[in-house]
Amino acid sequence: MPSDPQYLETVRAGSLDGALYLEDDLSGLPALTRGAVLTALSRAFDLAENRRPGHAQRVAHIALSVAQELHLPSRQVEEAFFGGLLHDVGMASTIFTDPDQVSSLRPMSPYGADAERDGNTTHTHIAEAVATHCIAGARTARKLGLSEGVAAAIEQHHDRWSGFHLVQQTGRERGGWVSRIVAASDRLESMIDHDVSPLLVRRRGPELISEMSGIEIDPRIAEAMDRAARQDEFWLGLYDNEMHVQLMMVDSSDALPPGDLIDMLGVVSDVVDDRGNRPRGHGRRVADLSRVIAREHGMSEGRTALVEAAALLQDLGTLGVPVSLMRKPDILTVDEMAAMQMHPTYARDIVSELPGFGAVAWWIGCHHERIDGKGYPGMLEEEEVPVEAQIIGMAEVFIALTSERSYRPAMTAEDAMEVIRGLGSTRFDHRLLPGFEMALASLDLV
Ligand SMILES: [Fe+2]
Ligand SMILES: [Fe+2]
Ligand SMILES: [Fe+2]
């Protein structure tokens, strides 16, 4: 929650020492399953949902426990897990202009009870917000290569068992098991989210579940949830700081081939573009150019693939920056600028949870550093700024300058190149310039 000083403090506690992120192996992209990647990146979706970090992972843990308790086939157990992780991924790409719309999207907001009062324009406005983020989330899940079962669960995660009046649909009519489990898990997590003491929450668990049974959630799911919530492992897992490690092992499919992993990160980058109001494909173009500059600079194929992955995720942290700032057509105030400048740190901390992505996380954290020490967040100087981060920054500046914006026309490639030459020795090391110019030529950008 970027506006919450306590949360900022937690994120800032991360050190600015690159040695902490050292990787032994920079020979290529690590072998990761789709589930492992999404477990880590789900923390970025929490930021967009304005939730306490780990919300999506906790919903996935609850959904997984309930699906197992119901002895569903393994395919559906995995779908419940993915549905939990991604239920609110649509929040990242849906632009809400009214803060009431966001708060109303909490599953347990009073709005549920108020929904019976028809004809209220606020409610119509809110219903639109519900529908929009559910549909956008399902679309993103399909692009990420997930099944229709997962997409349906995301689309239906605001359905209530006894009827969701405004959208004229009920969980009874629509949801399969997976959809109803994900909706129920999101509700339970949201209720316990506010309780400070895990012991207290554990004691109240059965009561909370029975209150929701038959109204908010399917009674058969409530029964299974109640059985799961009477076991120690359920609560130990829910409050385990290393929960992500367990969740990363849930996906039983093979590790993604490098091309598929890059495609998946491309979908995430599209979400970031949408939210930041950048031209579609901006992040992918920056990543393409970064990869080629890295190659022209003499890096190995494996390392250039890591640079490409870092470029795709560089602005992931902007999901934690309020949309009003991301899209502000005017100069930012000092406070707004400080909020915006948190984005490399958010992304670094999220990406560093991915095995084999330590160096990638460090480069991402440094993509706004400058060799003259005037960058952020660490004001690193000279060699302290990793070459990879400089390459990504350089590609980003070029692509941004040569793209049209609402407040200015696109610059020509030659003019943009001149600007970047002018930044050699201040923002970037001038020794990167020859590789940069060769990369532009090899991509036919000049
Ligand atoms: Fe939602
Ligand atoms: Fe949620
Ligand atoms: Fe950035």
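Hydrogens, waters and symmetry mates are skipped; everything else that's a heavy atom, side chains included, is used. When a ligand or atom number is given, it counts from 1 through the structure's own listing order. Since we're looking at a predicted model, the values are computed, not measured.
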Practice task
Indicate if the distance from the Fe ion (ligand 1) to the nearest N, O or S atom of His87 falls below 2.8 Å.
Solution key: no
Exercise for the section: Check the pair Arg421, Glu418 against salt bridge (Lys or Arg N to Asp or Glu O under 4.0 Å), reporting the backbone distance first and the verdict last. Expected result: CA-CA 5 Å; Arg421 277 196 205 105; Glu418 212 37 59; 2.5 Å; yes
Problem - Main-chain N/O of Thr304 paired with Arg295 side-chain donor or acceptor, under 3.5 Å - result: no
Practice task
Please answer whether the main-chain N or O of Met379 pairs with a side-chain N or O of Glu369 as donor and acceptor at a distance below 3.5 Å.
Solution key: yes
Exercise for the section: Nearest 10° is fine: what angle sits at the Fe ion (ligand 1) between OD1 from Asp88 and NE2 from His133? Expected result: 80°
Exercise for the section: Check ring pair (Phe, Tyr, Trp, His ring centres under 6.0 Å) between Phe81 and all other residues, then give those that pass, not counting sequence neighbours. Expected result: none
Exercise for the section: Return the set of residues passing ring pair (Phe, Tyr, Trp, His ring centres under 6.0 Å) with His343 (not counting sequence neighbours), or none when no residue passes. Expected result: His367, His368
Handout entry: Cationic N near anionic O, under 4.0 Å, Arg291 to Asp288
Key = yes
Problem - Residues Lys143, Asp270: salt bridge by 4.0 Å N-O rule - result: no
Exercise for the section: Anything protein N, O or S sitting under 2.8 Å from the Fe ion (ligand 3): count it and give me the total. Expected result: 4
Problem - Presence of N, O or S from His157 under 2.8 Å of the Fe ion (ligand 2) - result: no
Exercise for the section: Mind checking side-chain contact (heavy atoms from CB on, under 4.5 Å) for Ser210 and listing every partner two or more places apart, or none if nothing turns up? Expected result: none
Fill in the blank from the handout: min-distance N/O/S atom, Asp186 vs the Fe ion (ligand 2), resolves to OD1
Exercise for the section: Give the name of the N/O/S atom in His55 that lies closest to the Fe ion (ligand 2). Expected result: NE2
